[in-house]
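A quick write-up on the structure given underneath.
Every chain is numbered from 1 and lettered A, B, ... according to where its sequence line falls, protein lines coming before strand lines. Keep in mind that this is a model prediction, so the values were computed, not measured.
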Amino acid sequence: MSEQSTQGAPDGAGDAATFDVKAVEHKWLPVWERLDPFRADDASPKERKYALTMFPYPSGDLHMGHAEVLALHDVIARYWRFRGFEVLNPMGWDSFGLPAENAAIRNDEHPSTYTYANIETQAASMRKYGLAFDWSRRLHTSDPEYYRWTQWLFLKFREQGLAYRKNSPVNWCPQDQTVLANEQVLADGTCERCGAEVTKRELTQWYFRTTAYAQELYDCLDELQDTWIGKVVNAQRNWIGRSEGAHVRFRVAGRDEPVTVYTTRPDTLYGATFMVVAADAPLAAEIVAPERREALAAYVEEIRKASDIDRLATDRTKTGVDLGVTATNPVTGEQVPVWASDYVLADYGTGAIMAVPAHDQRDLDFARVFGLPVRRVVDTGEANPEETYEATTGNGTYVNSGPLDGLTDKAQGISTIIARLEADGTGEGTVNFRLRDWLLSRQRYWGAPIPIIHCPVDGEVPVPEDQLPVELPALRGADLKPKGTSPLGAATDWVEVSCPTCGGPARRDSDTMDTFVDSSWYFLRFLSPHDDTQAFSSELAEAWGPIDLYIGGDEHAVLHLLYARFFTKVLRDMGLLTWQEPFSAYLSQGKVINAGRKMSKSLGNGVDLGKQLDEFGVDAVRLTLVFASPPEDNIDWADMSPAGSLKFLQRAWRLSGDVTSPAGVDVSGGDRVLRSVTHRTVRDAEELVESHRFNVMIARTMELVNATRKAIDSGCGPADPAVREAVEAVAILLSMVTPYVAEEMWERLGHAPSVAQATWPVVDEALLVQDSVVAVVQIQGKVRARLDVSPGISATDLEALALADAAVIAAIDGREVRKVVVREPKLVNVVV
RNA sequence: GCCCCCGUAUCCCAAUCGGCAGAGGAAGCGGUCUUAAAAACCGCGCAGUGUGGGUUCGAGCCCCACCGGGGGCACCA
């Protein structure tokens, strides 16, 4: 399109038919920078809104996905400003992370070279993209001024007992040579970042105690149900995995402490014919009979070798080993054998289960392999599991179950048994979660160092706060090569320090923090990004927060969004925040795909944002992305028409040259029909933006453009003040999506820049009232007549009018009228 | 296996409370302009809402079952 635009028109006006996309972009950027209309005033007396979109990782330049989320986000930020709010709308970079480190190794340089070069590239692209950010609040998580406070927060969490170290089997990515959090391992057992098959290693690592907040993180999802997109709430529910059940204690011969199992079916306790403990849990080694110790060790060795992929195959034959001890079923008093197997997970529940083979398929499969007894205690009317090898899990009549015999209600069975266990002191009802603690250490360089010093005398010693930040040592290139331990460990001068407590020789913790730690609190740092006295201001958080609308991608449905929620709750309990939740509303944007497939280098179907911008201009690309579909749907670029968007923008722009009435003209006497359309459009736009239906808002704006065109060419004519009113409304509505064209229109309409500072049109309710409306008359639900009636018509008048209509009488055709449903003023339905 | 979401015209998508299935766009077709084409402008709506039941005066919308697509969880006891 650019080759068709008029060259040599530096004012951006072009000829009479089209405006010059490129010239307009060059013309307005410096003006906007001078006016800087989007700076947020902390002292403003206005009501406030905090608009936030997920800050990017600086990998190369912006791509189509960024372009979409930024365009969507800009609509709401600009809208709130128009509606009189003081808007906080900051942007920054999530700039620690692996790609920079890998690039540094490749190019023998420091990760900051890649990182900060990309940040500048992206910042320049965002500038050109015309976004309503307050750039004075820009931050980068890799700046020492930022990660100083990330480290400070880590120390505070540790003081609360919410950051701790433990030895445990952890997820290990052999490609990235670092451990991963549970959330970073995909369902198929591969690394979320690089796709390599994740293995297990036994390591001592730092964790955040997210499980301490599992219940609250789960419960608060109810409050987010209506303002967060449903699938994300659902994903978090599934991830936290709340379940209700009971702890039941089994006495084990020769051991003082009973073994506690977790079960969701305590009502089947009478059918528990054996027990299984996780083979790799310490408990197994503890209770195993001496003569079975070797067998257990061999089994554990065997399962260690199996990959997660193998372990996840659910149709695999069960394996296990008899521990040679028995446990006492607390209700039957029976002695049942105790086995160890890898089908019981060490880190879920108590790492031990009671096996009820008749009513649990996994237990039944195990019982079959090892010839263990099956006892049915719920008769569901289905065939006996002992014969069919199909466990029955439904409701039924309890049998062989002592006090439960004859009961038919599962809930009652469960509560009866729990009451009995509690009375006996052998168990109690409990709630269990699937959520694990958050593994936060990483054996990589480009992250915030963990501010702990390990002293042979004093143990873990926190770095004194006045010594923060613990800055990264200057390593580059080959020094950073992953070797399974942190590259920081090899920086001798950096690692070897004296203990802050005793002064003796000690070593710094050489791991860095997961970059999700950095992004778990950045929305708080935006409140005062240059404050060097505190991480964030509680007063400003109170004034601005929580975030009114957060927009981002589904890939963070359980990662970042869950971690940020956890941080918020911890900070609240520390008295630093009053927020219950960080994000009052959350909207996820779909992906931009191409020709039905995800864009990727290997498919060669990538769409380059820069090329699209060059060809169609910023406005047309933004318009295309916002107009394409509801925000959360995927956009297939192959189905889109940026050329069509540009065509529309030219049409809209042309209107601004046709207006002949002067700026500030009294519009009250203008053409009523057009004025009604304008005011109706503005009112609809308000509702549509507030409900995030931006695509429909644009459709309405297109309608207004069409109506205005018609009014100029074959209606009231260009001089009518209603035309000016309509075109000004178009400019203001469009400025939320296509700021360059809107600014150009605003100037041509005789106004000083910027349109962003224009006053939102005040809707005249009187113009929304229509003189007459069309009422439809249905016979048996089929439309038979249309009547022009007053909007205020009464039900009786409308019914009388309808029944007197000739077409209606003909349609009734003499049949008996049994009922007339009237919904004035729009509808009458006659039942015959 | 369990839990969510979505199926409307050739395509992308609209349709506040259950009330005329079509707002907007793309593509297509016809026309004006043009030597011609493109652009621009004007005009044209073709499906009865995935399928089958049900509720209702009336269902795209509510209920049930199924089919198709997408997502989350999953040896989680």
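Protein atom CZ of A/Arg237 is 11 Å distant from nucleotide atom P of B/C5, rounded to whole Å. In this structure, A/Ile698 atom CD1 and B/G25 atom P are separated by 12 Å, rounded to whole Å.
Checked against the 6.0 Å centroid criterion, the rings of A/Phe274 and A/Phe366 qualify as a close aromatic pair.
Nearest to the side-chain atoms of A/Arg434 among the listed nucleotides B/G19, B/C4, B/A74 stands B/A74. Of the candidate nucleotides B/A77, B/G24, B/C12, B/G24 has the atom nearest to the side chain of A/Met702. For A/Lys819, counting side-chain heavy atoms from C-beta on, the closest listed nucleotide (B/G25, B/C57, B/A14) is B/C57. Of all nucleotides listed (B/C57, B/A23, B/A77), B/A23 comes nearest to the side chain of A/Arg700. For A/Lys710, counting side-chain heavy atoms from C-beta on, the closest listed nucleotide (B/C75, B/C12, B/G43) is B/G43. Of the listed nucleotides (B/A26, B/G19, B/C75), B/G19 has the atom at the smallest distance from the side chain of A/Asn829. The A/Lys647 side chain lies nearest to B/A40 when the options are B/G19, B/C13, B/A40. Closest contact between the side chain of A/Ser629 and the listed nucleotides B/C13, B/A77, B/C57 involves B/C13. Side chain of A/Phe627, nearest nucleotide from B/C73, B/G25, B/A77: B/G25. Among B/C75, B/C12, B/G25, the nucleotide with an atom closest to any side-chain atom of A/Tyr343 is B/C75.
Residue A/Glu765 places its CD atom among more than 12 non-hydrogen atoms of other residues, nucleotides or ligands, all under 6.0 Å distant.
In this structure, A/Lys318 is positioned above the aromatic face of A/Tyr343, its NZ or CZ under 6.0 Å from the six-membered ring centre and within 45° of the axis. A cation-pi contact, defined as under 6.0 Å to the ring centre and within 45° of the axis, is absent between A/Arg434 and A/Tyr348.
Residue A/Arg651 has a polar side-chain atom (N or O) positioned under 4.0 Å from OP1 or OP2 of B/C41. A sub-4.0 Å separation between OP1 or OP2 of B/A14 and a side-chain N or O of A/Asn695 is present. Between A/Arg693 and B/A15, a side-chain N or O to OP1/OP2 separation shorter than 4.0 Å is present. An OP1 or OP2 oxygen of B/C42 is reached within less than 4.0 angstrom by no side-chain nitrogen or oxygen of A/Arg709. At least one side-chain nitrogen or oxygen of A/Tyr348 sits closer than 4.0 Å to the OP1 or OP2 atom of B/A77. Residue A/Ser243 places at least one side-chain N or O under 4.0 Å from the OP1 or OP2 atom of B/A77.
Between A/His556 and A/His560, the ring planes are perpendicular. Angles over 60° get that label, and only those under 30° would be called parallel. A/Trp228 and A/Tyr586 have tilted rings, their planes meeting at an angle from 30° to 60° on a 0 to 90° scale.
With its glycosidic angle within 90° of 0, B/C17 adopts the syn conformation. Against the 90° criterion about 0, the sugar-base torsion of B/G48 places it in the syn range.
Distance SG/A/Cys220 to CD/A/Gln225: 13.0 Å, rounded to 0.5 Å. Interatomic distance, A/Met354 CE to A/Asp360 CG, rounded to the nearest 0.5 Å: 9.5 Å.
Between A/Arg237 and A/Asp222 a salt bridge is recorded (basic side-chain N to carboxylate O distance below 4.0 Å).
Nucleic acid contact class of A/Glu687 (heavy atoms, under 4.0 Å, all strands): base. In this structure, A/Arg784 reaches neither bases nor backbone, as no heavy-atom distance under 4.0 Å exists between it and the strands shown. Note on A/Asn706: only backbone sugar-phosphate atoms sit closer than 4.0 angstrom, heavy atoms only; bases stay farther off. Within 4.0 Å of A/Gln778, counting heavy atoms only, lies at least one base atom of the nucleic acid. A/Ala235 comes within 4.0 angstrom of the backbone, heavy atoms only, and of no base. No contact: A/Val261 has no heavy atom under 4.0 Å from any strand.
Remark: the separation of the P atoms in B/G70 and B/A27 is 29 Å, to the nearest Å.
Using a 4.0 Å cutoff on non-hydrogen atoms, no part of residues 222-229 of chain A comes near RNA chain B.
Mapping A/Gly644 and A/Pro630 onto RNA chain B by nearest heavy atom places A/Pro630 at the nucleotide closer to the 5' end.
Evaluation of atom-type donor-acceptor distances gives a pair under 3.5 Å for the side chain of A/Asn234 against the base of B/G71.
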